[in-house]
Amino acid sequence: MISRTLVIIGGGSAGMAAAIKAYDLGVKDILILEKGRVLGGILNQCIHNGFGLQEFQEELTGPEFLARYAAMTQERNIEVWFEHTVLNINANKEITVSSPQGLVIIKAQAIIFTVGCYERSAGAIKLPGDRPKGVITAGQAQYYQNILGQKVGKQVFVLGSGDIGLIMARRLTLEGAKVLGVAEIMPYSNGLNRNIVQCLEDYEIPLYLSHTVTKVIGKERLEKIEISKVDANYQPILGTEKIYEVDTLVLSVGLIPNLEIFNNPKFVTSSTRGLLVDNHFASEIPGIFSAGNCLHVHDLVDFVVKEARIAATNAYHYLQNQNEVSLQEFAVLKAKEMGYLIPEYIRIHQSDTAVTFQFRVRFPILKARIKLLNAKNEVLFQVVRLYLIPSEMVSLEVKAALFLQNSEPLHYEVEVLE
Amino acid sequence: MKKLICIICPRGCHLEVDENLNVTGNFCSRGAIYGKQEVSNPTRMITSTIPITGFMVKMLPVRTKEPVKKALIMKVMKEIKKIVLDRPVQAGEVIATNVGNLGVDIVASATIDKETKQY
Ligand SMILES: Cc1cc2nc3c(=O)[nH]c(=O)nc-3n(C[C@H](O)[C@H](O)[C@H](O)COP(=O)(O)OP(=O)(O)OC[C@H]3O[C@@H](n4cnc5c(N)ncnc54)[C@H](O)[C@@H]3O)c2cc1C
Ligand code: SF4
């Protein structure tokens with residue numbers, strides 16, 4: 001068995017940022033295991049600009065952002081094994097890897113899990129009707145168009161207003177396709193305003209809110225789709241059906257953390273469908289950390305690399321002091337207005353100065369007071385935040401000192417002010 | 001009178017900009033600056049891919065060197081579609097200058113050489 005100090009699983013932006021940070025802190029025996037042939041993960045196909053405004057104070061394209069991180073990884077001679085797919089990790093931190101040379105088992109002292117996310121498919125959202133060619137996810141469309149240079153469609157409709165769908169609506173338009181519209185089942189868009197403006201409005205592509213696809217029609221190849229308006233319970237309203245003749249339906253209906261390696265539900269949280277982690281990004285298995293899109297889906301790569309660096313710093317502390325005991329331990333419950341909350345479990349260590357919470361709201365809120373309360377409903381921390389929308393992650397920093405006397409479960413409340 | 005959504009922050013104010021570039025509907029001053037700029041001289045970075053031959057990688061991601069006037073987007077795209085490369089290229093390298101006499105340069109977004117693997 002091969003043995004390594006720190007193994008990083010997945011060489012996307014999170015994996016590279018974690019490796020660089022751990023190396024700079026003094027962990028030199030690092031190995032990145034990457035399933036593909038190159039570093040950078042999803043950034044390889046994100047050829048648009050909008051990356052790195054916080055990291056580099058510059059607006060870069062995905063490949064440019066990637067290249068900077070790949071260069072920093074190579075400068076440090078951090079070892080990367082390509083075409084190595086991790087199949088399984090056990091509680092002893094033994095990693096089973098499938099490689100061109102066969103199965104390899106690697107024993108790690110610490111692991112950082114950065115395998116990204118996958119897209120929900122037509123099956124996952126129970127799209128009604130036929131299953132012809134021409135129904136593809138936005139990420140697949142992006143791969144065909146940007147990596148293989150293959151035309152994706154001539155008459156296109158997009159279901160779901162997630163950012164990748166909006167970006168692909170523009171991309172396919174620029175490539176000469178006619179994008180007839182984007183349907184979103186929610187009454188608000190799931191994409192960033194910037195993408196609504198620069199990907200749809202610039203090209204006069206209509207956005208149909210509270211609309212969904214109610215039928216897919218086509219034998220071999222997609223021929224038509226039926227769109228309907230939905231009511232407040234997301235049920236199609238009879239009589240609102242409209243038919244569009246299209247050869248391609250692009251699905252941008254959600255990303256889900258990739259956790260097939262951890263098929264043990266004990267370690268997974270229902271709120272993000274990612275690993276259950278504490279404020280150190282540590283999972284329930286000591287020495288296994290997680291960051292990036294496999295923990296929760298991020299809209300900005302800048303937040304991904306920041307989170308990965310924190311996870312790496314904590315992995316480094318773990319390697320230094322594997323038996324560190326927590327001063328306090330308690331759970332934190334999300335408010336009902338929150339789609340998810342990270343972390344949901346807190347372990348206060350001697351070295352902690354702050355605890356960072358990240359969450360998304362479930363619907364747009366103009367102004368809210370966010371309160372963290374204890375079991376006696378006493379407010380430990382509160383802050384007023386403006387313009388909370390589901391497509392933008394919220395991050396709150398709370399001083400660790402506040403928790404030194406606390407050992408009970410806490411809970412969040414969101415008081416909607418406007 | 002032009003209507004637009006401010007993209008500077010998540011509030012997404014609905015702005016109205018009149019002929020004299022007076023902005024209304026903005027909650028803060030940043031929206032006024034954005035509204036003026038977006039109506040008087042809207043610009044966008046254009047990103048695309050071009051075929052590259054002789055390597056494992058088939059497509060080279062490219063972008064305009066600077067943001068270009070919004071009205072030129074489709075014209076620039078037409079020019080980008082004419083470009084093909086058959087030599088190694090460095091990220092940041094200008095691969096075509098003043099395309100279609102539009103005053104726009106096209107830059108490679110990635111480095112591609114014999115070593116570059118396909119994603
Ligand atoms: C289409 C799209 C558009 C975006 N647009 C923007 C934008 O404009 N601006 C911005 O800032 N951010 C944007 N983002 C967000 C940001 O770029 C991503 O969230 C970020 O790059 C994700 O990094 P990651 O490392 O978590 O995941 P990934 O990049 O997905 O990396 C995961 C890596 O793990 C590897 N892997 C998976 N499973 C295994 C396994 N079993 N064994 C070994 N390796 C494995 C994969 O091959 C991959 O290389 C966008 C994201 C997407 C998807
Ligand atoms: S006008 Fe100000 S508050 Fe309104 S969206 Fe723009 S930046 Fe935000």
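A, B, ... follow the sequence lines: proteins, then strands. Residue 1 opens every chain. When reading the values below, keep in mind they use all heavy atoms of this one structure, side chains included, and skip hydrogens, waters and symmetry mates.
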Spacing of A/N44 atom CG and B/K117 atom NZ [to the nearest 0.5 Å]: 13.0 Å
Contacting region of B/C9 [heavy-atom separation from chain A under 4.5 Å]: both
Engaged part of B/K78 at the chain A interface, taking heavy atoms whose separation is under 4.5 Å: neither
Interchain contact, A/F82 with chain B, by part (heavy-atom threshold 4.5 Å): neither
Atom of B/P61, atom of A/I47 and distance for their closest heavy-atom approach: CB-CG2, 3.7 Å
Point-to-point distance, once rounded to the nearest 0.5 Å, from CD of A/Q45 to CE of B/M59: 13.5 Å
Most chain A-contacting option - heavy-atom pairs closer than 4.5 Å, from B/M74, B/Q118, B/M45: B/Q118
Heavy-atom proximity to chain A below 4.5 Å, by part of B/S48: both
Choice from A/L148, A/D202, A/I196, A/N195 maximising heavy atom contacts with chain B below 4.5 Å: A/D202
Chain B contact via A/T173 - which portion, at a heavy-atom distance below 4.5 Å: both
Chain B contact via A/L386 - side chain, backbone, both or neither, heavy atoms under 4.5 Å: neither
Criterion side-chain contact (heavy atoms from CB on, under 4.5 Å) against B/Y119, the qualifying member of A/L39, A/L43, A/V38, A/N146: A/V38
Donor + acceptor pair across side chains of B/T47, A/T61 (<3.5 Å): no
Which atoms of A/E64 approach chain B - backbone, side chain, both or neither, heavy atom under 4.5 Å: both
Heavy atoms from other residues, nucleotides or ligands near NZ of B/K81 exceed 12 (cutoff 6.0 Å): yes
Spacing of CD1 belonging to A/I389 relative to CZ belonging to B/R11, to within rounding of 0.5 Å: 12.0 Å
Side chain to side chain donor-acceptor pair (under 3.5 Å) partner of B/T49, chosen from A/E175, A/R171, A/Q145: A/R171
Interface residue of largest heavy-atom contact number with chain B, from A/A67, A/G62, A/G41, under 4.5 Å: A/G41
Choice from A/L388, A/L366, A/V197 maximising heavy atom contacts with chain B below 4.5 Å: A/V197
Crowding at NZ, B/K75 (>12 non-hydrogen neighbours, <6.0 Å): no
CD1 on B/I46 to CG on A/L174, rounded to 0.5 Å: 7.0 Å
Separation between CG of A/L60 and CZ of B/R63, rounded to the nearest 0.5 Å: 8.0 Å
Portion of B/I73 that has a non-hydrogen atom of chain A nearer than 4.5 angstrom: side chain
